[in-house]
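Both backbone and side-chain heavy atoms feed into the values below; hydrogens, waters and symmetry mates do not. To find a chain, count down the sequence lines: A is the first, B the second, and so on, and within it residues start at 1.
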Amino acid sequence: MKIVAESPYRFRIEPFGTMRVPGVVFASRALLPDPDHDKSLEQVIHVAALPGIVRASYAMPDVHWGYGFPIGGVAATDIDADGVISPGGVGFDISCGVRLLAAGLDRAELVPHLDGLMDALDRTIPRGMHGGGVWHVSGHRELEHVLRAGARYAVEVGHGVARDLERCEDGGAIAGADPDRVSARAVERGLGQVGSLGSGNHFLEVQVVAEIYDEAAARAFGLHPDQVCVMIHCGSRGLGHQVCSDHVRTMEAAMSRYGITVPDRQLACAPANSPEGRAYLGAMAAATNYARANRQLLTEATRHAFARHTTAELDLVYDISHNVAAIETHEVDGKRRRLCVHRKGATRALPPGDPELPPDLAPVGQPVLIPGTMGTASFVLAGVAGGGAFHSTCHGAGRVRSRHQALRSVSGRRLRDELEARGIAVRGTSWRGLAEEAPSAYKDVDAVVDTAEGAGLCRKVARLVPIGVVKG
DNA sequence: ATGTTC
């Protein structure tokens, strides 16, 4: 592998072997994955071999090893030139994402009530592997509405306010959902989990705005210094996982019929325009809408908990997905082309003026939400013109040590005590889960965000720090 | 990420 530094924040892997396009890694030298400990650059190279891929196989500064595709990867295929869709390029947690709520109160006003609020959240927010959701969906017919209309359906039946939808990507639901492509098993897994965090790196945090970098953008997003916020990070639970498993299996069987060979069987894929490709895209859209309804229901549960301890309103700042593929039109080699843009552990970051943005956000660009690691900072960013990788940026800190490695070196109890000693209230579910998500297992989110900004992928708007963690 | 191995 020949890797060339093109700028302090951009490295290029020249095409060789089966690569159809170069690899482009947006990273500082310090953040470049170490090939001895992380195979993600090998995965960037594998992705560059996908049929129909255009421009480059991209990696964001938080890139790390994942299923087939790296987490922190962006790859676009030309769907009118037999370009493929691959479930591995979206990930098992379809539409895993983040939403940020801004409270109408400042830190000092909340601190006397924080313990009570955290206890209320502890009781109200379902989480962990086996947890049921806050919403008891009445049955298959109602779940179908969730799959078709996501957060929009949740709000229609009273779980939220109309303004929430103006602050969701795609108005709270993406088009093209096909519930018939979601297996009975996926539906069964999904029925009882709407309104639950899940486990792993998912969390709900009470945060405070610690720093503003861009006052005009912060004002447009409704953020000011010392303000209390809530960040919710979760995905599509068992339903999304089952959708991914089902369609990976279908595509593994279909690939030879399309004459497709890939360097790693975890890159199983099919032309986006084939029956298998369209089936996955329809099921993926349904799972995406499920995740958006999930975050909407957790928003309502959070509002109820706040209402018992404060008089503050919670306004939705924005809701983003960081595991999804989208059909978008971009100019490639001087021609407008319809592309299937896979973003896995990467966030869409629309530039100022993009027609998809609500009018009041258009002057500043799309809000981008970056969850940090437990006990560290989280960030609000904004999209910028230029858009190095189909208008995408990073999604989080990025793991550098496996769960297993983290477990060996960190005690969950000690970590909880350290966080509490720093004034962060912790409501966990398991000591093991806490240890696996220790900040020492992740890259430095401040460095990741600075690198994304330095690479011209986004700009910083605000830095948030946690005062309470509800851990999945 | 995940009824943490159909």
Whole-Å gap separating P (dT2(B)) and CZ (R432(A)): 14 Å
So the ring pair (Phe, Tyr, Trp, His ring centres under 6.0 Å) pairs with at least one residue in residues 259-293 of chain A (sequence neighbours excluded) are H247(A)-Y280(A)
Identify, with sequence neighbours excluded, every residue that meets side-chain hydrogen bond (donor to acceptor under 3.5 Å, both in side chains) alongside D315(A). none
Side chain of R185(A) only, please: which of dT4(B), dC6(B), dT2(B) is the nearest? dC6(B)
Within the 6.0 Å centroid threshold, strictly below: F92(A) and Y67(A): yes
Applying a 4.0 Å non-hydrogen cut-off, can you work out what E436(A) is touching in the nucleic acid: base, sugar-phosphate, or nothing? nothing
Does S199(A) make a side-chain N or O approach to OP1 or OP2 of dT4(B) shorter than 4.0 Å? no
Let me know the distance between CD of Q242(A) and C1' of dT5(B), rounded to the nearest Å. 14 Å
To the nearest Å, give me how far apart CD (E252(A)) and C1' (dC6(B)) are. 14 Å
With heavy atoms under 4.0 Å as the rule, sort R399(A) into base, sugar-phosphate or nothing. nothing
Which residues within residues 293-302 of chain A lie with some heavy atom under 4.0 Å of an atom in DNA chain B? none
When we call it a touch if two heavy atoms are under 4.0 Å apart, what does G238(A) touch: a base, just sugar-phosphate, or nothing? sugar-phosphate
Remember a base hit wins even if backbone is also touched, and classify G91(A) as base, sugar-phosphate or nothing at under 4.0 Å, heavy atoms. nothing
Got a sec, which residues hit ring pair (Phe, Tyr, Trp, His ring centres under 6.0 Å) with H342(A), two or more places apart in sequence or on another chain? F69(A)
Please report the distance, rounded to the nearest Å, between NE2 in H404(A) and P in dT4(B). 19 Å
Distance in angstrom units between Y67(A) OH and dT2(B) C1', rounded: 13 Å
Rounded distance (Å) that lies between atom P of dT2(B) and atom OH of Y290(A): 10 Å
To the nearest Å, give me how far apart CE (M129(A)) and P (dT2(B)) are. 6 Å
Verify the contact: side-chain N or O of R237(A) to OP1 or OP2 of dT2(B), cut-off strictly under 4.0 Å; return yes or no. yes
Closest to the 5' end of DNA chain B, once H130(A) and D93(A) are matched to their nearest nucleotides, is D93(A)
Suppose the criterion is salt bridge (charged side-chain N to carboxylate O under 4.0 Å, His left out): which pairs have a residue in residues 129-141 of chain A, not counting sequence neighbours? none
Is there any salt bridge (charged side-chain N to carboxylate O under 4.0 Å, His left out) pair reaching into residues 264-273 of chain A, and which pairs are they, with sequence neighbours excluded? E252(A)-R265(A)
Could you tell me the separation between the CD1 atom of I94(A) and the P atom of dT2(B), rounded to a whole number of Å? 12 Å
Please identify which of these residues, K471(A), R432(A), R399(A), meets the side chain to side chain donor-acceptor pair (under 3.5 Å) condition with E437(A). R399(A)
